[in-house]
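Step one of this worksheet: look at the structure below.
Just so it is clear, the structure is predicted and the values come from calculations on it, not from any experiment.
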Amino acid sequence: MTERSLIEDVGVGISKAAGILDEALAGAEDGEIYLESVRSESFLFDDGRLKSASYDSGQGFGLRVVSGETTGYAHASEISEASLRRAATAAAAAKRGRSGLLAIGPTPANHRLYADVDPTASPDFVTKTGLLAEIDAWCRAQDPRVVQVSVSLAGSRTAVEIIRSGGASVAEARPLVRLNISVTLEKGGRRETGSAGAGGRAAYDEWIQPDRWKALAMRALRKAEINLDAVPAPAGEMEVALGPGWTGVLLHEAVGHGLEGDFNRKGSSVYAGRIGEQVMAKGVTIVDDGTIANRRGSLSFDDEGTQTQRTVLVEDGQLVGYMQDRQNARLMGVAPTGNGRRENYASVVMPRMTNTFMTGGTHDPDEIVRSIKKGIWAVDFGGGQVDITNGQFVFQCTEAYLVENGKVGLPVKNATLIGHGPTVMNSISMVGNDFAMDDGVGTCGKSGQSVPVGVGQPSLKIDSITVGGAGG
């Protein structure tokens, strides 16, 4: 379908906006006008009542001028000829004292990875809030030990338009939805919580079907029940098996950020200058792919207008590439990969992940768990932290089990995985054949900006990693 032009809607027109941009870009290497219009909503049903319901809308633009390593950026919430001219004057300061050759713009994307739907428009408010109440009641009816249920629903439609030198432009609408369910059980004075969520770039339809939300609710209930019987996690160096899907968030944090172009151009990544080297175990292949239809991290084109692609970063353990936006790619002498992203019109572009995952291998997941002499099987993760400059990370397990002589034992509580990303990637000895993407809940933070992302991986065996717990 043909997207509506945001700049035409406010009476400025693409040709006039492009003319203003062209004046600002004279003598610069790159730049664009990025326009955005957003409608978003969120609902929270907590403790048996609708605790919050919000709706927001807004629009604005950012105008960027890139000269060498310098970026001039100005933005405003008012889209008008006068505000565009003010922004152009401010951003053009980036080229002061130097002159460059304007780079060729990206080829316009000719495909769309998701439909133009508006989750904020349908279904209506009563239906959405009624659904949350229904989920709350259903969860409580499943188990008399339920003492708390929290259900949230969020949706947005973001219309973007990117105008480049000469009047070339691309535009699309990006939907995004997410449903989360959290349940707390109590037994013998002990309370434990389990949660599950799912979402993607689509309307609410898929995620509010009874079979879909009931499956999420059952997962949340199951996690809470498992944790009621969990024992303190052991501590020390040991073998660890990781489950498929969301556990790929460890890969995202411990390795993915280190493969972004800006960190490597500046030499601050542990992977800087190592293209062609064996940096991970044989059998490990890592991909960033922004072209998977309807996925949370997918984009038809990135926030500079470059069509997204499937980028192999590590192949059979060998480093073969980085994720690039246009500026870092030009400065490094390589092609952009469609990874230029920004949180909103007021944010600068930087290379970011889309859907980042490890591809599947040949081992049966049961075989991986049976191979563990003494360690844990980590099925699900919570939050984590990583230091990009040295690759050190800490991750909390939200569902994990003791494993001894290949037999799965009791669930453990408060287990954390502590390690060094490159070292852990070299300690992978088995890669499962059960590859899975996460359910569509990931959000990535970098330099104060948050963007939706996807992660994924098969089951893995790590021969040695530090497990933090209550004792040995």
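Using a distance-only test at 3.5 Å, with no hydrogens or angles considered, no donor-acceptor pair links the side chain of S298 to the main chain of A293. Within the 3.5 Å criterion, the main-chain N or O of P351 finds a donor-acceptor partner in the side chain of K446. Counting only distance, with no hydrogens or angles, the side chain of N227 and the backbone of K223 share a donor-acceptor pair below 3.5 Å. Side chain of S459 to backbone of G432: no donor-acceptor contact under 3.5 angstrom is found. Side-chain N or O atoms of T70 include none that pairs as donor or acceptor with a backbone N or O of A94 at under 3.5 Å. Judged by distance alone, with hydrogens and angles left aside, the side-chain atoms of E36 form no donor-acceptor pair with the main-chain N or O of G60 at under 3.5 Å. Between the side chain of Y114 and the main chain of S300, a donor-acceptor pair closer than 3.5 Å is present. Using modelled atom types, one side-chain atom of T129 and one backbone atom of F125 make a donor-acceptor pair closer than 3.5 Å. With hydrogens and angles disregarded, a donor-acceptor distance shorter than 3.5 Å links the side chain of S268 to the backbone of F263. Although no hydrogens or angles enter the test, the distance criterion places no donor-acceptor pair under 3.5 Å between the side chain of D387 and the main chain of Q392.
Going from atom CG of L299 over to atom CD of Q307 covers 11.5 Å, rounded to the nearest 0.5 Å. E399 contributes atom CD, which lies 4.0 Å from atom CZ of R222 (distance to the nearest 0.5 angstrom). Taking CG of L6 as the start and OH of Y34 as the end, the distance is 10.0 Å to the nearest 0.5 Å. If you take CG on L319 and CE on M280, they are separated by 7.0 Å, rounding to the nearest 0.5 Å. Residue H257 holds its NE2 atom at 10.5 Å from CG of D262, rounded to the nearest 0.5 Å. In this structure, CD1 in I163 is found 13.0 Å from NZ in K16, a value given to the nearest 0.5 Å.
For the pair L417 and I376, the minimum side-chain heavy-atom distance is below 4.5 Å. No side-chain heavy atom of V314 sits under 4.5 Å from any side-chain heavy atom of M425. Side chains of N339 and D302 form no contact here, defined as non-hydrogen atoms less than 4.5 Å apart. Using a 4.5 Å cut-off on side-chain heavy atoms (C-beta onward), V455 and W246 make contact. Counting heavy atoms from C-beta on, the side chains of P452 and R201 come closer than 4.5 Å. Between L460 and V431, the closest side-chain pair of non-hydrogen atoms falls below 4.5 Å. You'll find the side chain of V349 stays beyond 4.5 Å of the side chain of Q327, heavy atoms only. Looking at heavy atoms from C-beta onward, H75 lies out of side-chain contact with N344 at the 4.5 angstrom threshold.
Tested against V66, the residues R330, E32, R326, E304 include a single side chain to side chain contact (heavy atoms under 4.5 Å, CB included) partner, R330. Just one residue in the list W207, Y204, W138 forms a ring pair (Phe, Tyr, Trp, His ring centres under 6.0 Å) with W213, and that residue is W138.
Cation-pi geometry between R174 and F301 is satisfied (NZ or CZ under 6.0 Å from the ring centre, within 45° of the ring normal).
In the model, S83 has no side-chain atom that pairs as donor or acceptor with a side-chain atom of E78 under 3.5 Å. Inspection of the Q148 and D46 side chains reveals an N or O donor paired with an N or O acceptor under 3.5 Å. Judged purely by distance below 3.5 Å, without hydrogens or angles, the side chains of S42 and S54 pair a donor atom with an acceptor atom. Side chains of N355 and R295: a donor-acceptor N/O pair is absent below 3.5 angstrom, by distance only. For the 3.5 Å distance criterion, the side chains of E161 and S5 qualify, holding a donor opposite an acceptor. Looking at N180 and S152, their side chains never bring a donor and an acceptor atom within 3.5 Å of each other. With no hydrogens or angles considered, no side-chain donor-acceptor pair links T311 and D288 at under 3.5 Å.
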Q: For R342 and R352, run side chain to side chain contact (heavy atoms under 4.5 Å, CB included): C-alpha distance rounded to whole Å, both residues' side-chain angles, the deciding distance at 0.1 Å, then the answer.
A: CA-CA 8 Å; R342 61 183 106 202; R352 304 290 300 272; over 6 Å; no
Q.
Go through it in stages, so that I can follow the logic: the residues are F61 and I7, the test is side chain to side chain contact (heavy atoms under 4.5 Å, CB included), and I'd like the CA-CA distance, side-chain angles, deciding distance and then a yes or no.
A. CA-CA 10 Å; F61 75 91; I7 200 72; over 6 Å; no
Q | Step-by-step side chain to side chain contact (heavy atoms under 4.5 Å, CB included) determination, S347 to Y73 | A | CA-CA 9 Å; S347 306; Y73 196 71; 5.9 Å; no
Q: For side chain to side chain donor-acceptor pair (under 3.5 Å), just list the numbers for T443 and R296, CA-CA rounded to whole Å, side-chain angles, deciding distance to a tenth of an Å, and then say yes or no.
A: CA-CA 9 Å; T443 299; R296 181 174 172 85; 3.0 Å; yes
(Q) Go through it in stages, so that I can follow the logic: the residues are D22 and S165, the test is side chain to side chain donor-acceptor pair (under 3.5 Å), and I'd like the CA-CA distance, side-chain angles, deciding distance and then a yes or no. (A) CA-CA 6 Å; D22 286 342; S165 176; 2.8 Å; yes
Q.
As a quick check of understanding, evaluate side chain to side chain contact (heavy atoms under 4.5 Å, CB included) for S40 and Y55, giving each step before the final call.
A. CA-CA 6 Å; S40 64; Y55 176 84; over 6 Å; no
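In plain terms, the two heavy atoms of I14 and S169 that are nearest each other are CD1-OG, 3.6 Å. Heavy atoms only, all atoms of each residue included: Y322 and L313 are closest at C-CD2, 3.8 Å. The two residues N264 and G258 come nearest to each other via the heavy atoms ND2-O, 2.9 Å. The two atoms that bring A202 and V177 nearest to each other are O-CG1, 3.4 Å, heavy atoms only. Smallest separation of non-hydrogen atoms from N328 and Q324: CB-OE1, 3.5 Å. The minimum heavy-atom distance between L251 and M358, with the atom names listed, is CD2-N, 3.5 Å.
Salt bridge present: D116 and R157 bring a charged side-chain N and a carboxylate O closer than 4.0 Å. With salt bridges taken as basic N to acidic carboxylate O contacts below 4.0 Å, one links D30 and R164. Using a 4.0 Å cut-off between charged nitrogen and carboxylate oxygen, R64 and D303 do not count as a salt-bridge pair. A salt bridge is defined here as a Lys NZ or Arg NE, NH1 or NH2 lying under 4.0 Å from an Asp or Glu carboxylate O, and R219 with D380 fails to meet this definition.
Environment of NZ in K266: sparse, with no more than 12 heavy atoms of neighbouring residues, nucleotides or ligands closer than 6.0 Å.
The aromatic ring centroids of F357 and F435 lie less than 6.0 Å from each other.
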